[in-house]
Amino acid sequence: MANQKLLLIDGNSVAFRAFYALYRQLENFRNPEGLHTNAIYTFKNMLDVLLNDVKPDHVLVAFDAGKTTFRNNMYADYKGGRQKTPGELSEQLPYIQELLHDLGISTYELENYEADDIIGTFSRIGEENGFDVTIVTGDKDLTQLATEKTTVMVTKSGVMNLEAYTPEHMKEVNGVTPTEFIDMKALMGDNSDNYPGVTKVGPKKASQLVQEYGSVENLYDHIDEMKQSKLKENLLNDKDKALLGKKLATIDCQTPVTIGIDDIKRKDIDYPKLRRFYEKMNFRKFLSELDPNAADSENQNDENEKVLMEYTELTKDNLAKVDAKEGDTIVFYLGMLGPNYHLADFVGFAFKIAGQIYVSRDVDLLKEENLQHLLEDEKIKKDVFDLKRTTVGLNRLGIHAHGIDYDMLLASYLINNENNSDDMAEVCRMYGNNSVRSDLDVYGKGKSEQIPEDDKVLFNHLATKAEAIESLKETLLAKLKEHEQDDLFASIEIPVARVLAKMEINGIKVLPDTLTQLQDEFAGELSKMEKEIYEEAGEEFNINSPKQLGHILFEKMGLKPIKKTKTGYSTSVDVLNQLKDENPIIEKILSYRQIAKIQSTYVNGLLDVIQKDGRVHTRYLQTLTATGRLSSVDPNLQNIPTRTEEGKQIRKAFVPSQPDGYIFSCDYSQIELRVLAQVSGDEQMQEAFRTGYDIHAHTAMRIFHLKSTDEVTPLMRRRAKAVNFGIVYGISDYGLSKNLNISRKQAKEFIDNYFEQYPQIKDYMDKAVKVAREKGYAETIMHRRRYLPDIHAKNFNVRSFAERTAINSPIQGSAADIIKIAMINMQQKLDEMHLKTKMVVQVHDELIFDVPKDELETIKKIVPEVMQSAVRLDIPLVADSGYGHNWFDAK
DNA sequence: TAGTTCACG
DNA sequence: ACGTACGTGAACTAA
């Protein structure tokens with residue numbers, strides 16, 4: 001018979017991980033009493049996985065008892081300086097214990113000892129009683145307990161991802177055995193436990209020493225044999241620290257526990273109590289798991305209680321009841337199936353007017369005179385969830401919405417774009433409203449997506465949405481105000497949403513014939529290249545498969561793999577570029593890839609999305625990016641090729657709606673660097689922009705210490721340009737060296753020179769990071785926020801990333817603010833002047849127009865003017881333009 | 001559905 | 001000593 005299984009869990013450490021795994025959801029996980037529940041929820045999820053995997057007969061969850069332990073007697077500062085447990089977590093700990101008891105799982109804590117020691121003790125007891133032991137923790141310290149019979153599982157990222165430390169795995173990771181790991185820690189110290197170890201000895205050196213000497217004691221016994229070095233000196237100086245470290249690092253496996261192995265056998269689950277617990281915590285998922293049969297009625301009750309709302313179903317006969325007058329504010333919700341509102345089926349709609357809710361599944365009712373009037377009258381204000389979606393949807397019904405001044409989706413995106421969702425249920429939940437069911441729930445997904453047949457279900461759904469838009473409006477507006485974002489909301493995002501709706505509805509004309517021509521050309525080239533590649537390779541294979549390609553290049557042909565990915569060899573461009581000279585096949589693969597990309601993504605991709613009107617209608621996602629930029633989908637019009645000759649051909653298919661008209665394009669010159677010059681206030685760079693220099697040449701002159709820009713060579717300019725870009729991204733010498741293919745040292749020199757020449761930019765970068773640390777977010781010129789919780793991360797990489805983000809976001813985001821303002825002003829100008837020209841595409845720093853022949857001269861004049869005057873900065877904004885009979889010629 | 005690659009600013 | 005440029009979307013393969 002197989003051994004019995006014992007599962008030991010480090011309660012505090014796992015709760016800690018669980019808490020931070022869902023830290024971003026902290027405020028979404030609250031029970032009705034306001035208690036945070038994210039750690040409890042995640043802990044239970046993880047426990048389920050463990051119980052299922054390990055199938056233990058005995059389980060113990062150990063907790064830390066008090067503040068001080070026997071280790072503090074040896075070293076007063078043990079764990080000193082550690083940030084204290086956040087209140088939002090400590091309030092959850094008692095409930096985790098309660099949950100465990102309801103589940104029939106024992107918990108234990110022992111005065112004067114840490115959870116580690118309890119676990120050590122029970123792993124020993126378990127082994128002695130013939131158990132296979134599994135330990136689960138978020139703390140690597142416990143890996144010293146790994147033996148042939150004991151496996152230590154340590155959380156990697158999040159909670160669900162565990163790394164199993166067996167003695168073999170320890171050897172792989174640290175180069176030492178589990179017991180030797182104690183000596184390793186003694187030498188290197190432990191920052192988080194606040195003991196120092198030996199000066200200048202880190203994990204690598206410590207591991208080496210332990211491998212050589214076996215233990216700290218043995219090392220010092222033989223230290224005289226070591227030849228004189230800084231290391232030896234440090235070891236001698238810090239001998240006390242090393243010996244103390246060893247004591248601190250050693251887990252006590254002989255603690256005087258007052259319970260035995262039989263006491264921690266799993267007991268029966270107390271279902272009634274567990275149910276009450278889940279109810280108290282508002283854990284609907286676990287409740288429905290409890291007994292799936294009862295779940296339906298449970299949910300039903302729940303729903304009835306919360307959602308059964310008063311509403312009137314609208315029909316042709318009672319339409320007259322629905323009425324509002326100028327100055328009134330009403331709520332409107334238009335339901336559509338699926339994300340693409342240009343094509344989606346209508347589901348129904350809801351109004352809330354003067355406390356009354358009206359619903360119907362028949363959207364044609366909206367065309368009835370009084371309803372259409374409600375929606376089109378500018379003076380009757382409408383509150384909605386997703387202005388753009390609603391406007392485009394109504395437009396398909398021939399209704400031209402006006403007077404939508406409030407959009408719940410946009411508001412919640414501005415308040416916090418981090419966990420923003422376009423699912424209304426999720427947005428509501430963030431603000432403590434759980435009444436709205438998610439569309440996924442109500443409509444289903446994929447093949448089984450459908451409109452509920454039951455009127456009650458559908459109407460309740462629509463009604464709760466109308467209700468929630470209204471009931472949360474005050475909260476959201478107050479938040480906007482608190483963030484000083486009322487202006488950003490009302491004067492930028494709402495108006496730009498209206499502009500975007502117009503652009504999407506209009507679409508841009510794409511000629512299928514131009515694309516099919518390209519399709520033939522590319523198909524010919526591709527099959528030719530394919531043959532050549534097969535010949536060189538000596539066999540046929542799928543060139544598009546990185547796996548197969550890697551096999552051919554690096555195994556069959558013996559080229560040296562430069563980079564690896566998670567799954568195998570990397571075959572990306574920069575790898576292949578480095579291998580170019582090795583074999584002629586490389587060049588062919590590169591060209592093949594390039595053409596294949598253009599063929600599948602752009603030629604075929606675009607052909608698939610041309611609508612009946614001969615146009616493509618993209619959707620601009622206004623509530624997605626972290627920085628405030630737009631993104632574009634179905635199709636993405638923001639990444640149409642421009643860098644290669646073949647790619648550019650695609651642009652020839654984008655044409656004006658009238659055969660003799662023009663595509664007019666206007667883009668900001670260096671907008672991000674100009675924003676940087678503005679927000680940093682750097683005199684040198686501002687001066688360069690004011691005098692209209694070529695900014696990259698100017699930078700080259702300065703960082704290479706030249707007298708004039710005449711001395712700048714193309715190489716210098718190229719390098720200076722890369723540095724300018726790097727600065728915007730939050731530069732590092734490594735990144736720059738890789739980008740420019742130069743040494744890291746040289747890259748560092750460029751950067752140092754740069755900061756010397758533009759000192760205020762350096763100040764800006766430091767300040768951006770500092771401010772983000774203090775406030776927890778970065779901000780654009782228009783108060784658009786980006787929260788950066790990772791700025792406090794312990795992990796260097798995670799933190800560094802947040803720091804670069806703190807530098808980049810205000811720059812990228814302010815540039816996004818500026819072009820949004822330009823778009824609003826531009827549309828207003830087009831309207832005022834009654835022009836037929838349409839704004840059709842936005843590509844971050846560029847606007848594209850569909851211009852009738854006779855308006856070209858006007859447009860040439862007003863577009864750059866409007867863009868350049870969007871905001872007033874200390875330096876000029878410059879916009880360059882071009883035009884032609886298609887997008888290709890518009891440059 | 002995740003991972004890789006590559007198109008854009 | 002750490003291991004990196006910032007922001008996106010789509011196609012494809014392979015599980």
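Chain letters run A, B, ... following the sequence lines, proteins first, then strands; residues in each count from 1. In this text, all values refer to a predicted model and were calculated from it rather than measured experimentally.
Of the C1' atoms belonging to C/dC2 and B/dA7, the separation is 32 Å, rounded to the nearest Å.
Within residues 592-605 of chain A, the residues approaching DNA chain B are A/Arg593, A/Gln594, A/Lys597, A/Tyr602, by heavy-atom distance under 4.0 Å. For the segment residues 732-739 of chain A, residues with any heavy atom less than 4.0 angstrom from an atom of DNA chain C are, sorted by number, A/Ser732, A/Tyr734, A/Leu736, A/Lys738, A/Asn739. Contacts with DNA chain C (heavy atom under 4.0 Å) in residues 619-634 of chain A: A/Leu621, A/Leu624, A/Thr625, A/Ala626, A/Thr627, A/Arg629, A/Ser631, A/Ser632, A/Val633, A/Asp634, listed by number.
A/Phe725 has its CZ atom 18 Å from the C1' atom of C/dT4, to the nearest Å. If you take CD of A/Glu803 and P of C/dA5, they are 16 Å apart, rounded to a whole angstrom. Distance CD1 (A/Ile543) to C1' (C/dT13): 14 Å, rounded to an integer number of Å. Separating the CZ atom of A/Phe801 from the P atom of C/dT4 is a distance of 11 Å, rounded to the nearest angstrom.
Taking A/Arg619 as the reference, A/Asp634 meet the salt bridge (Lys or Arg N to Asp or Glu O under 4.0 Å) condition, with sequence neighbours excluded. Residues satisfying the side chain to side chain contact (heavy atoms under 4.5 Å, CB included) criterion with A/Ser732, sequence neighbours excluded, are A/Tyr734. Remark: A/Arg719 engages no residue in a side chain to side chain donor-acceptor pair (under 3.5 Å) (not counting sequence neighbours). With sequence neighbours excluded, the residues forming a side chain to side chain donor-acceptor pair (under 3.5 Å) with A/Arg785 are A/His483, A/Tyr777, A/Tyr787, listed by chain and number. Every residue was checked against the side chain to side chain donor-acceptor pair (under 3.5 Å) condition with A/Lys564, not counting sequence neighbours, and none meets it. Applying the side chain to side chain donor-acceptor pair (under 3.5 Å) test to A/Thr514 and every residue at least two apart in sequence or in another chain returns nothing.
A ring-ring contact (aromatic ring centres under 6.0 Å, His included) check over residues 615-636 of chain A, counting only residues at least two apart or in different chains, returns the pairs A/His342-A/His617.
Between A/Lys770 and A/Glu803 no salt bridge is recorded (no basic side-chain N to carboxylate O distance below 4.0 Å).
Where DNA chain B meets chain A (any atom under 4.0 Å from a heavy atom), the bounding nucleotides read 5' to 3' are B/dG3 to B/dG9.
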Taking Watson-Crick and G-U wobble pairs with both distances under 3.5 Å, convert DNA chain C into its dot-bracket string, 5' to 3', dots for unpaired and | for cross-strand pairs. .....|||||||||.
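Of the candidates C/dT13, C/dG3, C/dA5, C/dA5 carries the atom nearest the A/Ala722 side chain, counting heavy atoms from C-beta on.
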